[in-house]
Amino acid sequence: MPQYQAVKGARDIFPEEAARWKHVEGVVHALAALYGFNEIRTPVFEYTELFQRGIGSTTDIVGKEMFSFQPDPNGRSITLRPEMTAGVMRAALQKNILGTAPVQKLYYISELFRKERPQAGRQRQFSQFGAELLGVSSPAAVAEVITFMMQVFDSLGLRGLRLRINSLGGTHDRLRYREALQAYFSPYRQKLDTPSLERLEKNPLRILDSKNPDLQEIVSGAPKLYDYLDTEALDDFDKVLFYLSERGIAFDIDHRLVRGLDYYCYTAFEVTGTELGAQDAVGGGGRYDGLARELGSSSDIPAAGFAVGMERLLMTMEKQGLFTALKLQAPLVYVVLQQQEYTDVAMQVTFRLRKSGIRTEADLAGRSMKSQMREANRLRCSFALFIGENEVATGQYTLKNLVTSEQSTLPLDRLIEILHEPASGE
RNA sequence: GUGAUUGUAGCUCAGCUGGUUAGAGCGCCAGGUUGUGGCCCUGGAGGUCGGGGGUUCGAGUCCCCUCAUUCACCCCA
């Protein structure tokens with residue numbers, strides 16, 4: 001074991017994997033532009049209260065998973081962001097961007113931090129891409145956000161992802177339902193497990209999420225949220241489903257889908273994959289009309305958004321073999337020098353090639369010709385350009401095609417022309 | 001936070017009931033070809049056997065502690 005290791009739950013991404021990230025990020029950026037979402041970058045830390053208010057103090061994230069610290073002895077507590085929505089909303093309110101344009105469509109690809117035990121598909125530092133649509137509260141807005149997300153999956157070539165969707169109703173609906181749940185579960189107190197008992201008081205909806213097999217029977221008999229939705233909520237939900245169907249987006253209605261964050265209302269959704277192990281959620285989101293008020297806004301700001309776990313997305317793509325064709329970009333030319341005394345010439349030539357836009361690599365370590373050739377081969381270069389006694393004397397250099405093994409000796413200007421020809425791969 | 005799992009070379013792993021200088025494949029470096037790679041051949045470098053303690057004549061192998069990994073629970077992306 002080396003003396004220093006990456007912090008628990010944090011990992012390094014080396015060049016080959018970084019290429020995969022760039023590929024995925026490229027698709028996200030391109031589709032965001034297509035859908036009219038603009039990138040926002042917010043600080044990695046915020047005042048702790050923001051998350052306590054925004055995410056909800058009863059949630060696990062706030063209760064036990066935040067990296068919080070106090071930089072100044074008597075100063076305010078600061079927290080490494082465990083999710084993006086609260087920060088984005090804070091930024092929007094702080095600058096009052098809705099004052100200049102009443103609808104804001106924002107997206108991000110950002111690093112998040114949660115103090116959990118790492119396991120497959122879960123790290124302490126991880127990243128999400130996501131979108132937030134602020135200022136509109138229509139089924140069309142929710143459908144737009146979901147469609148954007150699903151098209152990213154589609155464009156990346158993902159198959160077999162499952163979209164589950166539910167309506168949580170408005171505040172009134174949820175209040176009535178909450179009481180109904182408490183009434184239903186209270187007689188079962190003896191049988192409930194500790195976390196469920198706690199939820200019974202704080203947030204009974206989340207009992208429905210329980211995976212405890214012993215509780216399944218009780219849970220399945222619980223009142224359905226769906227039966228407590230008023231017509232407005234039902235119409236809203238139907239409309240969202242209508243848009244999705246019309247666009248050919250498959251979904252499963254799941255009346256037990258609740259989601260862990262307090263701020264969701266009306267539509268909530270989640271996308272799961274089968275290749276991820278226990279942590280099978282790739283992304284999720286919903287509508288959160290109440291968040292802005294929670295954060296001190298004097299007016300209502302309806303909003304909808306989603307977040308997708310980049311690591312889980314990449315993991316699923318890997319399992320589905322979607323990266324096989326992706327390789328690091330190879331240099332076109334490797335400059336090989338016969339003896340070290342030609343280093344200066346080699347550096348000049350290398351520079352000229354690069355200046356003309358040709359991806360060029362050269363030996364910086366003074367290694368043997370054989371090593372240089374092996375290196376050229378390892379890097380999958382298409383050409384080797386030799387600098388030796390003859391070349392220096394005549395000013396004509398030897399270019400070898402490493403695939404066909406053909407080589408010719410010509411002035412550098414001429415070689416650069418050849419290298420720029422499409423057949424050369426440039 | 002709880003449970004289980006694994007920890008031997010850069011990587012993937014051997015190492016029988018504890019017994020001489022700890023191995024293989026791949027990778028890396030060098031040479032075979034002092035102006036030419038991929039294949040092949042030869043050689044080489046590289047290991048506090050995660051760390052500490054204990055049992056023993058003797059520990060990579062057994063025991064304890066510790067650190068780390070991985071997976072699962074909880075919850076979530």
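Proteins come first, then strands; the chains are lettered A, B, ... in the order of their sequence lines, and each starts at number 1. In this text, all values refer to a predicted model and were calculated from it rather than measured experimentally.
With sequence neighbours left out, A:R90 forms a side-chain hydrogen bond (donor to acceptor under 3.5 Å, both in side chains) with A:E46, A:Q94.
Distances from the side chain of A:R367 to the nucleotides B:A30, B:C73, B:A77 place B:A30 closest.
Spacing of P atoms, B:C26 relative to B:U33, comes out at 23 Å, to the nearest Å. B:A22 and B:G31 are spaced 28 Å apart, taking the C1' atom of each and rounding to whole Å. Taking the C1' atoms as reference points, B:C67 lies 15 Å from B:U5, given to the whole Å. For the C1' atoms, the distance linking B:U48 with B:G60 amounts to 13 Å, nearest Å. Rounded to a whole angstrom, the distance from the P atom of B:C63 to that of B:U17 is 13 Å. When the C1' atom is used for both B:A59 and B:G19, the distance is 10 Å, rounded to whole Å. Nucleotides B:U2 and B:G10, compared at atom C1', are 35 Å apart to the nearest Å. Using P as the reference atom, B:U8 and B:G51 are 10 Å apart when rounded to the nearest Å.
One can place NZ of A:K400 at 7 Å from C1' of B:G37, the figure rounded to the nearest angstrom. The interatomic distance linking A:F67 (CZ) with B:G1 (P) rounds to 11 Å, in whole Å. Atom CD1 in A:I387 sits roughly 14 Å away from atom C1' in B:U36 (whole-Å rounding). Across the protein-nucleic acid pair, A:R11 atom CZ and B:U69 atom P stand 13 Å apart, rounded to whole Å.
Evaluation of atom-type donor-acceptor distances gives no pair under 3.5 Å for the side chain of A:Q5 against the base of B:G50. Judged by distance alone with a 3.5 Å cut-off, a donor-acceptor contact links the side chain of A:Q407 to the base of B:U36. For a distance-only test at 3.5 Å, the side chain of A:Q279 fails to qualify as a donor-acceptor partner of the base of B:A72. The base of B:G37 lies close enough to the side chain of A:N377 for a donor and an acceptor atom to sit less than 3.5 Å apart. For A:K64 against B:G1, no side-chain N or O and base N or O form a donor-acceptor pair under 3.5 Å. The base of B:G31 is not paired with the side chain of A:S371 by any donor and acceptor separated by under 3.5 Å.
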Review item, side-chain donor-acceptor pairs of residues 328-351 of chain A, under 3.5 Å, at least two apart:
residue, atom, partner, partner atom, Å
A:Y334, OH, A:D363, N, 3.4
A:Q338, OE1, A:E389, N, 3.0
A:T343, OG1, A:Q340, O, 2.5
A:T350, OG1, A:A346, O, 2.7

Could you pull out all donor-acceptor pairs under 3.5 Å where a side-chain atom in residues 315-325 of chain A meets a protein atom, sequence neighbours excluded?
residue, atom, partner, partner atom, Å
A:T316, OG1, A:R312, O, 2.7
A:E318, OE1, A:R20, NH1, 2.3
A:E318, OE1, A:R20, NH2, 3.4
A:K319, NZ, A:E275, O, 3.2
A:Q320, OE1, A:R159, N, 2.9
A:Q320, NE2, A:R159, O, 2.7
A:Q320, NE2, A:E275, OE1, 3.4
A:Q320, NE2, A:E275, OE2, 3.2

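Partner assigned to B:G1 is B:C73, using Watson-Crick or G-U wobble distances below 3.5 angstrom. Using the Watson-Crick or G-U wobble rule with both distances under 3.5 Å, B:U17 pairs with nothing in any strand shown. For B:G25, the paired base is B:C11 (Watson-Crick or G-U wobble, both distances below 3.5 Å).
For the pair A:Q119 and B:C73, the criterion of a side-chain N or O lying under 4.0 Å from OP1 or OP2 is met. A sub-4.0 Å separation between OP1 or OP2 of B:G38 and a side-chain N or O of A:R380 is absent.
For A:T404 and A:R117, each mapped to the nucleotide of RNA chain B holding its nearest heavy atom, the one lying further toward the 5' end belongs to A:R117. Checking A:P118 against A:G309, the closest nucleotide of RNA chain B that is more toward the 5' end is the one next to A:P118.
Separation of the A:F129 and A:F306 ring centroids falls under the 6.0 Å cut-off.
Using a 4.0 Å cut-off on heavy atoms, the residues of residues 120-129 of chain A that approach RNA chain B are A:A120, A:G121, A:R122, A:Q123, A:F126, A:Q128, listed by number.
Legend: ring-ring contact (aromatic ring centres under 6.0 Å, His included) pairs involving residues 15-38 of chain A, not counting sequence neighbours, sorted by first then second residue: A:H29-A:Y107, A:Y35-A:F148, A:F37-A:F148.
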Item to complete: For A:T394 and A:Q396, run side-chain hydrogen bond (donor to acceptor under 3.5 Å, both in side chains): C-alpha distance rounded to whole Å, both residues' side-chain angles, the deciding distance at 0.1 Å, then the answer.
Response: CA-CA 5 Å; A:T394 62; A:Q396 303 214 345; 5.4 Å; no

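Looking at heavy-atom distances under 4.0 Å, A:E116 makes contact with a base.
In this pair, A:Y288 and A:Y264 present their aromatic rings perpendicular. The plane angle is above 60°, beyond the 30 to 60° band.
Salt bridge status for A:E375 with A:R378: present, with a side-chain N to carboxylate O gap under 4.0 Å. A salt bridge does not link A:K8 to A:E116: none of the charged nitrogens lies less than 4.0 Å from a carboxylate oxygen.
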Report each atom pair, protein N/O against N/O of nucleotides 39-43 of chain B, whose distance is under 3.5 angstrom.
none

